[in-house]
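Proteins get letters first, then strands, A, B, ... in listed order; numbering begins at 1 in each. Values in this document were obtained by computation on a predicted structure and should not be read as measured data.
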Amino acid sequence: DAKTTQPNSMESNEEEPVHLPCNHSTISGTDYIHWYRQLPSQGPEYVIHGLTSNVNNRMASLAIAEDRKSSTLILHRATLRDAAVYYCILVLLFGNEKLTFGTGTRLTIIP
Amino acid sequence: DGGITQSPKYLFRKEGQNVTLSCEQNLNHDAMYWYRQDPGQGLRLIYYSQIVNDFQKGDIAEGYSVSREKKESFPLTVTSAQKNPTAFYLCASSIWPSGGGNEQFFGPGTRLTVL
C-alpha cells in the first residue's frame with residue numbers, strides 16, 4: 001500500500017487559516033487522496049477527497065500538487081471545533097475495503 | 001436521520017468472557033467494516049463485509065468473529081482468544097462497489113475495557 005507522511009502535530013490560532021500537509025511520494029495513478037478527522041472519543045469523520053484537481057466543499061479545500069506526490073488540506077478559518085486528529089489516506093480507485101490510517105496530525109487551535 | 005449506531009458506548013467485561021458489540025446502519029450501504037483503535041494509534045481493520053452472509057478477514061482478525069445476517073447489522077464478537085481486547089472499536093459502512101471516490105461513514109464507537 002502506498003503510504004502517507006504527516007507531521008505529528010500542528011497549532012493554529014482561532015479564526016486563521018490552517019494548512020495541513022501530507023506527503024505521498026509513492027502514490028499511484030489510481031489512488032484517491034482522502035482526508036478524515038477524528039475528534040476526541042469519536043469516530044472519524046470524512047472531510048474531503050480528490051484525485052488530481054483541487055477540491056472545495058463546505059468543510060475545507062484540498063490542494064493537490066501537480067505531480068500528486070503531496071497535498072494540503074486547507075481549513076479557511078479555524079474554529080475551536082476544528083481541533084482534532086487529521087488523517088490523510090490513499091484509497092484505490094477500485095475497491096476500498098481497507099482504509100489505512102496512520103497516526104495523523106493532531107491539530108490544536110489556540111483561542 | 002441516516003447514520004450508524006453502535007452500542008453500548010462503554011463496555012466492561014471480565015477477562016475470559018466473550019462480548020458482542022452492536023453495529024446498525026440505516027444508510028442502505030452494502031459494505032460494513034470493523035476497526036480497532038489503540039491509544040495514540042490509527043485504525044486497524046478487523047473484518048469487513050461487502051454483502052449479506054459474506055465477510056472477509058482484515059489485518060487483525062484473530063480472536064474476533066462477525067456475522068452479517070442482515071444488510072443493516074454487522075455485530076462483532078470479541079472472544080476470549082483475543083489476547084489484548086481493551087480498545088476503542090469503530091464500525092463503518094460505505095457504498096459497494098465503492099472505489100476511491102466514496103467515503104466510509106463511521107459510528108460513534110464502543111470503548112471496551114477488559115478487567
Rounded distance [0.5 Å steps], [atom1] in [X] versus [atom2] in [Y]:
X      : Y      : atom1 : atom2 : result
A:Q38  : B:Q37  : CD    : CD    : 4.0 Å
A:E45  : B:F105 : CD    : CZ    : 10.5 Å
A:F101 : B:Y35  : CZ    : OH    : 6.0 Å

Mind ranking A:G43, A:G102, A:P44, A:G50 by heavy-atom pairs under 4.5 Å with chain B and telling me who comes out on top?
A:P44

Might you confirm whether atom [atom1] of [X] has over 12 heavy atoms from other residues, nucleotides or ligands at distances under 6.0 Å?
X     : atom1 : result
A:R68 : CZ    : yes
B:N84 : CG    : yes
A:L80 : CG    : yes
B:E62 : CD    : no

Single-linkage hydrophobic cluster [X]~[Y], side-chain heavy atoms < 4.5 angstrom:
X     : Y     : result
A:I74 : A:Y86 : no
A:V55 : A:L90 : yes
B:I60 : B:L21 : yes

Contacting moiety of B:L90, where chain A heavy atoms sit under 4.5 Å
side chain

Region of B:Q6 that comes under 4.5 Å of a non-hydrogen atom in chain A:
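When you check distances to chain A, no heavy atom of B:Q6 falls under 4.5 Å.
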
Side-chain donor or acceptor of A:Y36 paired with backbone N/O of B:E103 under 3.5 Å
no

For A:T103 and B:Q41 the tightest heavy-atom approach is CG2-OE1, 4.4 Å

Taking the side chain as everything from C-beta on, heavy atoms only, tell me whether A:S41 gets closer than 4.5 Å to B:R111.
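Counting from C-beta outward, A:S41 and B:R111 do come under 4.5 Å.
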
